[in-house]
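Below is one structure; the comments refer to it alone.
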2 protein chains.
Amino acid sequence: MCSLPVPREPLRRVAVAGGTHGNEMSGIYLVRHWLLTPAELQRPSFSAVPVLANPAATAACRRYVDRDLNRTFASTFLNSRPTPDDPYEVTRARELNQLLGPKASGQAFDFVLDLHNTTANMGTCLIADSSHDVFALHLCRHLQLQYPELSCQVLLYQRSGEESHNLNSVAKNGLGLELGPQPQGVLRADIFSRMSALVATVLDFIELFNQGTTFPAFEMEAYRPVGVMDFPRTEAGNLAGTVHPQLQDQDFQPLQPGDPIFQMFSGEDLLYEGESAVYPVFINEAAYYEKGVAFVQTEKLTFSVPAMPALTPAPSPAS
Amino acid sequence: MCSLPVPREPLRRVAVAGGTHGNEMSGIYLVRHWLLTPAELQRPSFSAVPVLANPAATAACRRYVDRDLNRTFASTFLNSRPTPDDPYEVTRARELNQLLGPKASGQAFDFVLDLHNTTANMGTCLIADSSHDVFALHLCRHLQLQYPELSCQVLLYQRSGEESHNLNSVAKNGLGLELGPQPQGVLRADIFSRMSALVATVLDFIELFNQGTTFPAFEMEAYRPVGVMDFPRTEAGNLAGTVHPQLQDQDFQPLQPGDPIFQMFSGEDLLYEGESAVYPVFINEAAYYEKGVAFVQTEKLTFSVPAMPALTPAPSPAS
């Protein structure tokens with residue numbers, strides 16, 4: 001396995017972003033809270049910066065104004081010449097790239113944590129780029145060990161060979177937190193508290209790393225997208241049915257060939273016709289209707305993550 | 001008790017409206033389905049008309065475009081002179097008033113059923129105007145008896161002395177169905193099926209009435225709004241906390257003085273300081289943040305609903 005290099009210096013420039021989607025309320029209100037109480041984001045070796053990523057969409061309580069900001073951090077947008085007709089989110093992505101990047105440069109932030117909610121029953125989902133992302137996977141492992149009751153699932157979202165286009169891709173390291181189910185525009189206290197605790201533990205992990213902690217190798221189980229499934233639709237493009245009650249809320253559970261996936265408005269069931277089990281996630285996510293995605297199909301992987309050595313050489317054991 | 005007159009003629013002009021709020025998906029997709037399969041809305045004595053009430057908001061998957069349509073059926077809007085600058089929903093309310101009304105006229109539709117969803121845990125909630133609305137309350141009773149497993153709750157939404165400004169107020173009789181919890185922009189199969197069954201039973205009830213069925217008197221339990229509670233807010237108007245986990249999802253359950261209602265972002269609890277129990281509903285409804293409503297406080301009433309006589313004189317018992 002080809003692993004990405006782990007950081008060789010302490011992570012001092014750290015940001016926590018909320019409101020990348022303007023109707024995902026947990027991160028929005030956490031960022032607003034931290035802007036008033038920045039000490040909560042301080043650790044001995046660094047102070048994380050709270051960032052409200054999409055203020056215009058947040059003010060409108062919509063996912064975005066012109067286009068999905070979290071699909072806009074691609075070099076084609078970041079490096080093109082600005083024009084007065086640019087979509088709001090293209091302009092905002094360039095601003096964030098200046099603030100937290102520039103992407104793929106030595107000046108980029110060391111770590112960006114991006115806070116999301118989903119209407120799907122995803123529980124506590126940790127979104128890393130790939131199985132090569134050793135630092136993020138050690139962080140995921142730390143969160144799993146600290147919160148066994150949350151059954152944190154790891155989703156490896158970057159498709160092989162594709163450029164990352166999400167917010168944390170502008171930084172050297174990053175992770176997404178995806179907590180649900182929570183309706184768009186609603187702030188549930190239970191999810192707010194859970195996200196707040198997870199963020200604190202992410203910062204604690206970075207502090208441990210900065211202080212020279214060694215993290216041993218481990219086996220990790222994670223999910224990787226292999227495709228998407230659209231809703232059944234009429235010729236006019238409207239839904240002809242919706243997610244089957246037996247699939248609704250079953251994120252990360254195996255879907256077997258022959259299992260029902262959609263209930264048509266005519267009453268008929270549509271069955272999954274794949275050749276082997278997949279693990280659906282983002283089942284019936286409100287924001288994905290317009291993207292033609294009723295759920296994302298993933299495969300389940302198990303792989304080894306190598307040890308992450310201490311930043312400074314550990315002292316030799318006393319002889 | 002002063003009762004409204006019950007209909008003296010069969011109800012032949014009946015409409016079922018969805019999409020009065022353009023992101024409440026159950027009614028929207030039921031209406032789209034019935035536009036293709038109108039026979040489902042036919043009964044021997046009438047055919048109900050499906051109406052997509054706010055097509056522009058539905059296309060945008062937003063509650064409304066310019067203003068809340070379901071607060072726009074007041075005479076001040078319906079009877080004012082149209083201008084090119086009218087908000088979209090004012091124009092649309094006038095169109096619907098022409099289609100289904102005119103409000104308070106003899107030409108108005110006999111019955112309008114309006115289909116809604118809420119992000120709150122309201123279960124199956126039936127919204128009638130008042131305890132004087134004998135026809136609607138018999139219909140509620142019929143639904144309660146047909147679906148004992150749904151624990152249908154009755155909410156009497158019209159404040160005494162206020163003009164009704166909701167869609168069904170343009171018709172001679174009406175009822176609202178409010179089913180939840182469902183996120184905005186999401187179509188859950190379980191709620192879709194439940195709403196579909198309830199609509200069929202509403203039409204069956206109208207058919208029974210039209211055929212000359214007598215409905216006996218009964219005792220009804222219902223909830224009536226007595227006030228609203230806003231979120232705690234900062235000086236800038238942002239939330240300073242959210243609905244307490246002990247109150248979240250507890251719609252229609254008694255809230256006692258001293259019970260926690262909000263969890264502040266500072267960690268502190270805010271307690272309910274009223275003098276007696278209230279029954280909160282619409283707890284943490286997404287659409288009500290902008291209205292300054294964290295929940296609606298109701299009181300629980302029990303009252304008698306008089307018998308509803310048959311339309312045509314019942315035959316005398318054989319002597």
Side-chain angles (χ1 to χ4, degrees), chain A residues 23 25-26 28-30 32-37 40 58 60-63 117-120 180-194 196 231 234 236 238-249 260 262-267 269 283-290 294, chain B residues 23 25-26 28-30 32-37 40 58 60-63 117-120 180-194 196 231 234 236 238-249 260 262-267 269 283-290 294:
Chain A
N23 52 14
M25 302 284 269
S26 307
I28 290 167
Y29 274 99
L30 279 169
R32 284 178 169 158
H33 174 63
W34 293 321
L35 288 168
L36 302 173
T37 59
E40 290 188 23
T58 300
C61 198
R62 289 161 58 183
R63 182 174 177 91
N117 294 121
T118 170
T119 65
Q182 181 171 266
Q184 297 176 342
V186 168
L187 183 68
R188 286 185 65 101
D190 50 358
I191 292 183
F192 181 88
S193 300
R194 196 194 327 158
S196 177
F231 292 92
T234 64
N238 288 322
L239 303 193
T242 193
V243 170
H244 196 278
Q246 290 182 39
L247 178 59
Q248 178 72 46
D249 302 329
F262 295 114
Q263 190 171 71
M264 306 296 284
F265 300 146
S266 57
D269 287 349
I283 299 171
N284 217 347
E285 157 59 41
Y288 289 1
Y289 279 61
E290 67 174 20
Chain B
N23 53 13
M25 302 284 269
S26 307
I28 291 167
Y29 274 99
L30 279 169
R32 285 179 170 160
H33 174 64
W34 293 322
L35 288 168
L36 302 173
T37 59
E40 290 188 22
T58 299
C61 199
R62 290 161 57 184
R63 183 176 177 90
N117 294 122
T118 171
T119 66
Q182 181 171 267
Q184 296 176 343
V186 169
L187 183 69
R188 287 184 64 100
D190 50 358
I191 292 183
F192 182 89
S193 300
R194 196 195 325 159
S196 176
F231 291 92
T234 65
N238 288 324
L239 303 193
T242 193
V243 169
H244 197 278
Q246 290 182 39
L247 178 59
Q248 177 73 45
D249 303 328
F262 296 113
Q263 190 170 71
M264 306 297 284
F265 300 146
S266 57
D269 287 349
I283 298 171
N284 217 347
E285 157 58 42
Y288 289 0
Y289 280 61
E290 65 174 21

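Order of the sequence lines sets the chain letters (A, B, ...), proteins ahead of strands, with each chain counted from 1. The structure displayed is predicted, hence computed values, not measured ones.
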message: With chain A as the partner, which of B:Thr234, B:Thr37, B:Asn238 has the greatest number of non-hydrogen pairs under 4.5 Å?
response: B:Asn238
statement: Bottom line for B:Phe192: the part with an atom under 4.5 Å from chain A's heavy atoms is side chain
Donor-acceptor contact present, side-chain A:Thr119 to main-chain B:Pro183, <3.5 Å: no
task: Could you pull out all residues at least two apart from B:Pro181 that satisfy side chain to side chain contact (heavy atoms under 4.5 Å, CB included)?
output: B:Asn121
- prompt: Taking only residues two or more places apart in sequence or in another chain, which ones pass side chain to side chain contact (heavy atoms under 4.5 Å, CB included) with B:Glu290?
  reply: B:Tyr64
statement: Bottom line for A:Arg188: the part with an atom under 4.5 Å from chain B's heavy atoms is both
message: Looking at chain A, which one of B:Val243, B:Leu239, B:Leu36 has the largest number of heavy-atom pairs inside 4.5 Å, strictly under?
response: B:Leu239
field: B:Leu187 CG to A:Gln263 CD distance, which is reported to the nearest 0.5 Å
entry: 10.0 Å
message: Is A:Ser193 close to chain B through its backbone or its side chain, or both, or neither, when contacts mean heavy atoms under 4.5 Å?
response: side chain
- prompt: What part of A:Gln184 is in contact with chain B, defined as an atom under 4.5 angstrom from a non-hydrogen atom: side chain, backbone, both or neither?
  reply: both
query: Which atoms of A:Phe265 come close to chain B, meaning under 4.5 Å heavy atom to heavy atom: side chain ones, backbone ones, both, or neither?
result: both
- request: Please look at A:Asp249 and chain B and tell me whether the side chain, the backbone, both or neither of the residue comes under 4.5 angstrom of a heavy atom of that chain.
  value: side chain
- request: Please state whether the side chain, the backbone, both or neither of A:Phe262 comes within less than 4.5 Å of a heavy atom of chain B.
  value: neither
